[in-house]
Amino acid sequence: MSLPGLELTQPTADRPFAAAPPTQISLSQGTEWRFEVAFGTTVRVKLLAGTAELFGTELAPSQTYTFSGTKAAIYTWHGCTLEVNAGDAVSSLDGFLPGEVNGSAARGLSAGGCQSEYTAEETPMVEYANVHFALEEMRQQAKAAGRDGPRVLILGPEDAGKTSLAKILTAYGVKSGRQPIVVNLDPSEGMLSVPGTLTATAFRNMIDIEQGWGSSPMSGPSPVPVKLPLVYFYPSQNPLEADGMIYRPIVSRLALSVMGRMAEDEDSRETGIIVDTPGILSQGKAGGLQMINHIITEFSISTILVIGSERLYSTMVKDYDNKPTSSASAVATDERISVVKLSKSGGCVDRDVGFMKAVRESQIRTYFFGNSVPSTASSALSLSATSTLVTLSPHATQLDFNSLAIYNYIPPTVDEDEDEYDPSQLGTGDPFFTGGGEGGGVDPSSHDPNQQPSHSDEPGSTEATASSSAPIDGLSVPLKKVPGPAPSLLANTLLAITHAPPNAPAPAIRDASIMGFLYVADVDGEKGKVRVLAPIGGRVPSRALVWGKKWPDEVVGLVG
Ligand SMILES: Nc1ncnc2c1ncn2[C@@H]1O[C@H](COP(=O)(O)OP(=O)(O)OP(=O)(O)O)[C@@H](O)[C@H]1O
């Protein structure tokens with residue numbers, strides 16, 4: 001057994017990419033093997049004996065899994081033996097050479113070529129499993145009482161393990177035959193989509209061990225069935241930007257869609273939802289608590305899990321514990337919110353700016369080009385005789401800038417000169433215009449169109465009034481059409497294709513779900529042309545496009 005940190009040898013200049021020999025790692029019951037693999041290198045892991053799981057999803061025996069750009073843990077309930085092996089370097093699609101990210105990538109450092117690895121005996125897995133069993137009990141009780149299943153909110157500071165817990169609860173739920181709806185409210189990392197998106201996905205089957213949530217639904221072969229998320233675009237890293245005036249209504253819209261899905265789908269209704277949040281909301285920043293309150297209200301949260309923050313836990317208990325949920329049936333069924341404190345895993349890694357940038361770039365590349373790391377898992381499922389590299393064929397087209405309806409969010413707080421902020425151009429109108437335009441049918445929010453999301457921010461809300469300084473949703477939507485000539489800043493950014501018609505009112509564009517994304521490869525301002533990359537061929541649909549001007553960050557050189 002290795003001890004934390006002891007195997008972190010210094011990379012040497014003369015032996016930069018020495019391949020490490022295969023290593024066997026024996027784990028006793030209730031322990032986990034934590035490992036980090038840099039971008040640009042791969043590590044192969046095989047379960048030789050026993051049982052093991054990665055964030056709740058079981059590893060198949062004798063199956064080789066390939067990891068790259070990963071920080072994770074393989075846990076065993078009953079003991080297991082793993083074989084760890086350095087895989088090939090990958091540089092083509094990732095765009096990173098081994099050793100590039102963060103200046104400290106894997107150079108044959110630890111067992112099997114991991115950047116770092118060790119075995120840990122203390123883990124919060126029993127606590128997390130108990131949460132799952134408690135949720136199962138709540139699901140049964142809810143069914144008996146005619147209520148919706150638990151709506152779980154996961155809170156905690158950055159890198160506290162919120163997403164990992166969401167994966168564990170989702171995986172255990174799926175294993176118990178459930179179909180949780182997983183909601184990602186963190187725009188800094190995409191879930192089954194690119195960064196900058198808020199998504200909801202019904203998980204009926206297992207999570208991909210190698211890909212995690214995965215960054216996009218693939219049209220190529222995939223070792224696990226493809227999941228289709230409902231996607232909304234929020235082109236900023238910070239949900240609290242402009243007092244949350246842009247983020248808040250998008251959350252409401254997503255919540256409305258999720259509740260609509262719950263109302264229609266019995267499996268999802270019985271299972272409930274799991275909401276993962278951005279760490280910034282839990283870090284005591286101005287407006288954070290109001291936004292949490294908004295999410296709790298909109299998703300009618302019934303269980304709040306707080307990881308790694310005593311202070312936030314205490315605030316949540318004071319404000320919400322044992323208070324009625326905002327669900328319509330809460331009064332009739334006496335449904336109350338419970339607040340639970342959970343330990344942060346010692347394995348949680350602080351991911352620095354460089355690593356997160358690499359994660360995001362990788363998500364965007366995967367969206368357009370497919371996986372850059374050959375999946376050895378696919379071969380086990382007879383998708384191919386050898387490892388598969390799922391490559392997609394994105395399509396580049398040149399478009400007339402004037403034929404496009406591109407909109408940009410310009411929050412009133414930004415420098416008006418820089419962004420030519422013009423309040424007279426702000427859209428006004430019905431804040432809950434159902435959006436979706438002609439293509440609205442794909443939006444599963446077949447809810448009652450008269451149903452308005454609650455903005456009272458009521459349960460336990462002592463701070464609700466503090467949000468009143470923000471504009472009331474819909475009265476001013478800071479979405480402005482980008483005028484010609486084509487701005488050069490469009491290059492290397494993403495355009496979200498909404499389901500709204502090109503000239504829909506601003507609230508409709510904001511509230512429309514996303515069909516897909518275009519990447520702007522280059523801009524010819526003089527000729528008024530933009531060259532874009534689309535995930536599939538064919539004409540770019542005539543819809544309103546929302547510009548990710550500042551977020552997700554630029555991906556230079558995606559197209560050669
Ligand atoms: N037990 C563990 N062993 C090793 N790595 C872990 C473990 N738990 C979490 N990690 C890793 O630590 C990092 C942070 O965890 P995670 O993404 O779950 O945190 P988070 O709270 O969701 O972060 P953020 O708020 O930034 O989204 C991730 O790379 C995750 O894979």
Side-chain angles (χ1 to χ4, degrees), residues 2 4-5 25 27 30-39 43 45 52-57 67-76 101-102 110 114-129 152-171 182-191 195-199 207-213 215 237-240 274-283 285 288 291-292 305-309 312 342-360 362-363:
S2 56
I25 293 167
L27 297 178
T31 61
E32 71 185 14
W33 178 64
R34 296 172 180 164
F35 64 103
E36 296 183 29
V37 186
F39 279 97
V43 167
V45 179
E53 59 186 43
L54 188 138
F55 295 141
T57 303
F67 298 96
S68 181
T70 307
K71 298 174 190 283
I74 294 178
Y75 179 82
T76 178
V101 177
N102 200 16
S110 292
C114 292
Q115 196 175 9
S116 125
E117 58 84 33
Y118 64 95
T119 303
E121 291 180 351
E122 272 180 35
T123 82
M125 284 303 287
V126 172
E127 235 176 274
Y128 294 179
V152 181
L153 179 70
I154 305 178
L155 296 176
E158 263 165 34
D159 295 326
K162 299 181 295 299
T163 307
S164 307
L165 176 63
K167 283 181 190 162
I168 291 168
L169 295 179
T170 304
V182 184
V183 177
N184 174 38
L185 296 183
D186 187 357
S188 50
E189 226 181 314
M191 184 187 86
T197 53
L198 311 185
T199 54
I207 300 172
D208 191 323
I209 296 261
E210 293 168 330
Q211 299 289 318
W213 294 128
S215 53
Q237 184 179 18
N238 181 5
L240 300 175
I274 297 170
V275 184
D276 186 13
T277 55
I280 191 171
L281 301 186
S282 304
Q283 292 179 174
K285 297 258 160 52
M291 195 61 82
I292 291 174
L305 305 177
V306 185
I307 316 183
S309 173
L312 183 68
L342 292 175
S343 316
K344 173 179 170 177
S345 167
C348 287
V349 194
D350 286 345
R351 294 167 299 170
D352 59 27
V353 177
F355 183 82
M356 287 310 294
K357 190 165 168 39
V359 168
R360 288 192 291 270
S362 167
Q363 287 192 328

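Order of appearance sets the numbers: ligands from 1, and atoms from 1 within every ligand.
Using a 4.0 Å heavy-atom cutoff, Pro157 is listed among the residues neighbouring ligand 1. Using a non-hydrogen distance threshold of 4.0 Å, Ala72 registers as a contact of ligand 1. Residue Tyr75 places every heavy atom at 4.0 Å or more from ligand 1. Using a 4.0 Å heavy-atom cutoff, Glu32 is listed among the residues neighbouring ligand 1.
Checking side-chain atoms of Asn238 against main-chain N and O of Ile280 turns up no donor-acceptor pair under 3.5 Å. With hydrogens and angles ignored, the 3.5 Å screen pairs no side-chain donor or acceptor of Thr76 with any backbone N or O of Ala52. Side chain of Thr170 to main chain of Ala166: a donor-acceptor pair is present (N/O by atom type, distance under 3.5 Å, no hydrogens or angles). Checking side-chain atoms of Lys71 against main-chain N and O of Cys348 turns up no donor-acceptor pair under 3.5 Å. Checked by atom type and distance alone, the side chain of Glu122 never pairs as donor or acceptor with a backbone atom of Gly346 at under 3.5 Å. The main-chain N or O of Glu189 is never found under 3.5 Å from a side-chain atom of Gln363 such that the two would form a donor-acceptor pair.
Of the protein's heavy atoms, Asp159 N, 3.0 Å lies nearest to atom 23 (O) of ligand 1. Scanning all protein heavy atoms for the shortest distance to atom 12 (O) of ligand 1 gives Val349 N, 3.0 Å. Of all protein heavy atoms, the one lying nearest to atom 6 (C) of ligand 1 is Gly347 O, 3.3 Å. Given atom 22 (O) of ligand 1, the protein heavy atom at minimum distance is Thr163 OG1, 2.6 Å. Here the heavy atom of the protein found nearest to atom 3 (N) of ligand 1 is Ala73 CB, 3.2 Å. With respect to atom 9 (C) of ligand 1, the closest heavy atom belonging to the protein is Ser164 OG, 3.2 Å.
Distances below 4.0 Å separate heavy atoms of Asp186 from the following atoms of ligand 1: 27 (O). Of all atoms in ligand 1, listed by their number and element, those nearer than 4.0 Å to a heavy atom of Ala160 are 19 (O), 20 (P), 21 (O). Atoms of ligand 1 found under 4.0 Å from any heavy atom of Lys162 (numbered from 1 in listed order, with element): 18 (O), 19 (O), 20 (P), 21 (O), 22 (O), 23 (O), 24 (P), 25 (O). With ligand atoms numbered from 1 in the order given, ligand 1 contributes 11 (C), 29 (O), 30 (C), 31 (O) to contacts under 4.0 Å with heavy atoms of Lys71. Ligand 1 places these atoms under 4.0 Å from at least one heavy atom of Gly279: 25 (O).
Heavy atoms only, all atoms of each residue included: Glu210 and Phe67 are closest at CA-CE2, 4.1 Å. Of all the heavy atoms in Gly156 and Lys162, the pair that sits closest is O-NZ, 3.1 Å. A pairwise comparison of heavy atoms in Lys344 and Gly308 identifies CB-CA, 4.1 Å as the closest pair.
Here the CG-CD1 distance, from Asp159 to Ile307, works out to 11.5 Å after rounding to the nearest 0.5 Å.
The part of Phe55 lying near ligand 1 is the side chain, judged by heavy-atom distances below 4.0 Å.
Remark: ligand 1 and Arg351 share an N or O pair separated by less than 3.5 Å (distance only, no angle test). For ligand 1, the polar-atom distance check finds an N/O of Gly161 within less than 3.5 Å of one of the ligand's N/O atoms.
Of the N and O atoms on the side chains of Glu32 and Thr123, not one donor lies less than 3.5 Å from an acceptor on the other residue.
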